[in-house]
There are 2 protein chains.
Amino acid sequence: MSFPCVDKLASRTVELDDNGPEPSYDRVVTGYETFEYPKPFLLDHGGILPKLDIAYETWGELNENKDNAILIHTGLSASSHAKSHAKNTKPGWWEEFIGPGRYLDTNKFYVICTNVIGGCYGSTGPSSIDPADGERYATRFPIITIFDMVRAQFLLLDSMGINKLHASVGSSMGGMQSIAAASLFPDRVKRLISISACVRSHPYSIALRHTQRQVLMADPNWNKGFYYNSVPPHVGMKLSREIATISYRSGPEWELRFGRKRAQENQTPALCPDFLIETYLDHQGERFCLQYDANSLLYISKAMDVFDMSKSATDALKEQRRRNGPKIEKILHDHQTVAEVVGDQSALEMHKASAPAPVHNEKTRPTLTTLQETDPAVQDLIDGMKNIKMPTLILGAQSDILFPVWQQKEIAECLRVAGNKRVTYYELDGMFGHDTFLIDRVSVGGAIKGHLELLD
Amino acid sequence: MSFPCVDKLASRTVELDDNGPEPSYDRVVTGYETFEYPKPFLLDHGGILPKLDIAYETWGELNENKDNAILIHTGLSASSHAKSHAKNTKPGWWEEFIGPGRYLDTNKFYVICTNVIGGCYGSTGPSSIDPADGERYATRFPIITIFDMVRAQFLLLDSMGINKLHASVGSSMGGMQSIAAASLFPDRVKRLISISACVRSHPYSIALRHTQRQVLMADPNWNKGFYYNSVPPHVGMKLSREIATISYRSGPEWELRFGRKRAQENQTPALCPDFLIETYLDHQGERFCLQYDANSLLYISKAMDVFDMSKSATDALKEQRRRNGPKIEKILHDHQTVAEVVGDQSALEMHKASAPAPVHNEKTRPTLTTLQETDPAVQDLIDGMKNIKMPTLILGAQSDILFPVWQQKEIAECLRVAGNKRVTYYELDGMFGHDTFLIDRVSVGGAIKGHLELLD
């Protein structure tokens, strides 16, 4: 029996070894602007980045009042390239959504999109150079949170003189950021849109990301994150992407698209990819395996797991920031190094708020309407979202298993119970699963446009 | 940052290297009987096993008429040890279901369970010795089907003088076998029970198994299947099991059981397992990684993908068996070797029936009631199940994503439209996902008992 799928992996390893160590994802995205924040940036879990680069792109014109800006937050592996423009004519990941007269109308709005910190498309992340020693951070990079990503984005807005966003818009992990932005800066966000996101990751979604991290970290080429001068963990990245793809799409779509069709109908079944759905997954893995930095995937996927809008959790992070704040002064004024100030970052303890940790011990999954008085976890979530009072659109897809609609409903209901009088909640049917936000531009785009152009 | 999850894998590799090549799963199951079929056994895709061992266990007594036997078919990785007994007192995988006065009542019935061919718990599989050269088959083992598993089981029944089963019972892949048995031997199966199975694998389930195979085959220690004299692919097996576990369980169960609890609440988030759901998956992978043969997993998981009760598919296999039948005579009477008769097994072509391959091109997933006249794939399935007329119980769990209830309904509806007047269909609620058949013994066991003890 022959195993072309195994041979292919081996020959790519040889090829990468021959081509030298330059990471290929460095060339994936071009034509972005870079905002350089020259001061140390304190992270939620106590780590400090000595300086910060934020890659960003914009579309449309900022008006004189600087009040027509929309900040788009991205999903895990997306770049700032949401839409093509003169400096990069390749289609962006939301190409059809943005433009003159489109759903995010650049005749009216100034649209901004950044690469999140932790990423590898121009913003500071694990593949960036640590100024302390001129080497890439690799897994010396500190743990980051969704709130860290958002605070970095607002430094960019500060530099542009944008005090108040017309809207904060995001899908998937971008929806988490969008909600975090509304919560961190309630006076600077006029409208909130969250699509296929959540306010705390459920264990099934953590499990799906866990397996992606595990297959990646099990690749010997990952080498505990220090692979930048040798063959990258392309096998682990490919496998990871195949698992991710399962969580991004839906069964009904695949039933129609692939059914039980085989790549070569007349062959004896093979252990390597054989059914069309297998060759599709294989292709998705192949396409991605050198397009994104493995360490970025690990750090950002973990940030998604850890995201929690509960009051006890957000209070704990706030308290950590407060306690660690003086460290920045030590660097700026006493000229200490980051290493001197931070010490062993991994030994930092999370300071927990005094509220007891919420425990689920009910026989069925909590549903808000019946459990808000009795379930401390739900009440904690409501308490954590009390300052999000702006008009809000929550959108979800019924075929999404990664961010299921019960989580979308949870966001909407928590906001309402917390006192937000202007929450719109839409559930989309359709069969594209989690990726609906990238594909179904009529339903998703229409809802966005309606909310962005709401009369006050 | 430290990576204990990576260090653990590396130290197990060293340990296995020190301990020598003996596969550890050889010791997992003991106390079974072995039926030795001494003649060549022709497989559906043209491969030939020169001889066949079938490991089996029994409970209760076969009555004088030999008409009280129940054959239990297993899921992918299960052994014949469904229930403890004198020769092996360890609890079996259906321990509480079987016994005097229990759901499968050994006061009334003679219960038989086998290890499927392709397995590694006593029946002939890839880890067995090829008599041609005294070496383990490894991936020289031929491709097998669900029908092959069933035809092997009926050789065992023949040897016991059992002409007619009181019932054929199976869950998951065992349900596929149960249906295949009823179809191959309609006069030898009096009652049919299929739990959380399907009559053709849908692409999402193929995708889930595909990723399990891919992570396994990407482990360098898999070595294209030839690992029996060295370190086994324990890392790939562990990762594969973690992915499988996600497909076996359900979100709602994990929400209640693990929620967002972390293993060590006060630590900074880590890239290695951190949330309880992660340590649970890690543990499931650890437990399994040396308990089952990697090649068995590959072959049997592929057999599940390929299973298809459509008339065109079953006709094609029948035709292949007919065409290849004379090869057995050449071995038995002309004393040719298997290699001489079979040639290069991988070059065998599947003979397809002349009916055009069914294609799904509807806008929504076919539902039987509206599409049976227009969808050739559904009609093909109905035609393939026309000889299954015995009383049948189809059982499914609403939280199962691997074998979702729409597939259970598909079995029941196809059987009914094909003319079976005695189809019972139950959907279970509850939150244990696909594994409901192992856990919810009251609901599952009750349905089984009711059907086994039906009045004629």
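Bear in mind the structure is a predicted one, so any value in this text is a computation, not a measurement. In what follows, chains carry the letters A, B, and so on, assigned in the order in which the sequence lines appear, proteins first and then strands, with residues in each chain numbered from 1.
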Colleague: Apply ring pair (Phe, Tyr, Trp, His ring centres under 6.0 Å) to the pair A/Phe307 and A/Phe147, showing each step before the final yes or no.
Modeller: CA-CA 8 Å; A/Phe307 181 59; A/Phe147 296 98; 5.6 Å; yes
Colleague: Please tell me whether A/Phe258 and A/Phe275 form a close aromatic pair, meaning their ring centres lie under 6.0 Å apart.
Modeller: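 Between A/Phe258 and A/Phe275, the centre distance exceeds or equals 6.0 Å.
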Colleague: Which bit of A/Tyr299 is near chain B, if near means a heavy-atom gap under 4.5 Å: side chain, backbone, both or neither?
Modeller: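 Both backbone and side chain of A/Tyr299 come within 4.5 Å of chain B.
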Colleague: I need the residue from A/Asp308, A/Ile246, A/Leu9, A/Thr211 with the largest number of non-hydrogen atom pairs under 4.5 Å to chain B.
Modeller: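 Counting heavy-atom pairs under 4.5 Å, the top option is A/Ile246.
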Colleague: So, do A/Cys289 and A/Arg12 sit near enough that their side-chain heavy atoms are less than 4.5 Å apart?
Modeller: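 Counting from C-beta outward, A/Cys289 and A/Arg12 do come under 4.5 Å.
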Colleague: Which side-chain N or O atoms in residues 236-243 of chain B pair as donor and acceptor under 3.5 Å with protein atoms at least two apart or in another chain?
Modeller:
unit_1: B/Lys238; atom_1: NZ; unit_2: B/Asp282; atom_2: OD1; d: 2.6
unit_1: B/Lys238; atom_1: NZ; unit_2: B/Glu286; atom_2: OE2; d: 3.0
unit_1: B/Glu242; atom_1: OE1; unit_2: A/His210; atom_2: NE2; d: 2.5

Colleague: Is A/Asp219 in contact with chain B via its backbone, its side chain, both, or neither, using a 4.5 Å heavy-atom distance?
Modeller: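 For A/Asp219, there is no contact with chain B at all, as no heavy atom is under 4.5 Å.
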Colleague: Could you tell me whether the side chain of B/Cys198 reaches within less than 4.5 Å of the side chain of B/Glu410, counting heavy atoms only?
Modeller: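 A side-chain contact is absent here, since even the closest heavy-atom pair is not under 4.5 Å.
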Colleague: Is there a donor-acceptor contact under 3.5 Å linking the side chains of B/Ser247 and B/His434?
Modeller: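 No pair is found: no donor N or O on one side chain lies under 3.5 Å from an acceptor on the other.
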Colleague: I need the residue from A/Leu208, A/Thr245, A/Asp274, A/Ile206 with the largest number of non-hydrogen atom pairs under 4.5 Å to chain B.
Modeller: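 Option with the top pair count is A/Ile206.
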Colleague: For residues 398-405 of chain A, give me every residue with a non-hydrogen atom less than 4.5 Å from any non-hydrogen atom of chain B.
Modeller: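 Within residues 398-405 of chain A, near chain B: A/Ile401.
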Colleague: Check each atom of A/Ser201 against the heavy atoms of chain B and say whether the ones under 4.5 Å are side chain, backbone, both or neither.
Modeller: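 Its backbone and side chain both get close to chain B.
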Colleague: So which part of A/Val235 gets closer than 4.5 Å to some heavy atom of chain B, the side chain, the backbone, both or neither?
Modeller: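 Contact with chain B is through the side chain of A/Val235 alone.
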Colleague: Heavy-atom cut-off 4.5 Å, strictly under: side chain, backbone, both or neither for A/Arg209 against chain B?
Modeller: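 Interface part for A/Arg209: neither.
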Colleague: Please classify the contact between A/Ala10 and chain B as side chain, backbone, both or neither, with a heavy-atom cut-off of under 4.5 Å.
Modeller: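 Contact with chain B involves no heavy atom of A/Ala10 at all.
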Colleague: State, yes or no, whether a side-chain contact exists between B/Lys302 and B/Arg213 at a heavy-atom distance under 4.5 Å.
Modeller: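 Sidechains of B/Arg213 and B/Lys302: in contact.
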Colleague: If I measure from the heavy atoms of chain B, does A/Val6 come under 4.5 Å with its side chain, its backbone, both, or neither?
Modeller: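 The side chain, not the backbone.
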Colleague: Contact part of A/Thr139 toward chain B, heavy-atom cut-off under 4.5 Å: side chain, backbone, both or neither?
Modeller: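 Looking at A/Thr139, backbone and side chain both touch chain B.
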Colleague: Going by the rule salt bridge (charged side-chain N to carboxylate O under 4.0 Å, His left out), which residues pair with B/Asp7 if we only count those two or more places apart in sequence or in a different chain?
Modeller: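 With sequence neighbours excluded, B/Asp7 shows a salt bridge (charged side-chain N to carboxylate O under 4.0 Å, His left out) to A/Lys224, given in chain and number order.
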Colleague: Taking side-chain contact (heavy atoms from CB on, under 4.5 Å) as the definition, give me every residue that meets it alongside B/Pro203, ordered by chain and number, with sequence neighbours left out.
Modeller: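 A/Trp254, A/Glu255, A/Ile277.
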Colleague: Give the C-alpha distance, both sets of side-chain angles, the deciding distance and a yes or no for side chain to side chain donor-acceptor pair (under 3.5 Å) between B/His45 and B/Thr145.
Modeller: CA-CA 8 Å; B/His45 285 295; B/Thr145 68; over 6 Å; no
Colleague: May I ask you to decide if the ring planes of B/Tyr204 and B/His202 are parallel, tilted or perpendicular, using 30° and 60° as cut-offs?
Modeller: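 B/Tyr204 and B/His202: parallel rings.
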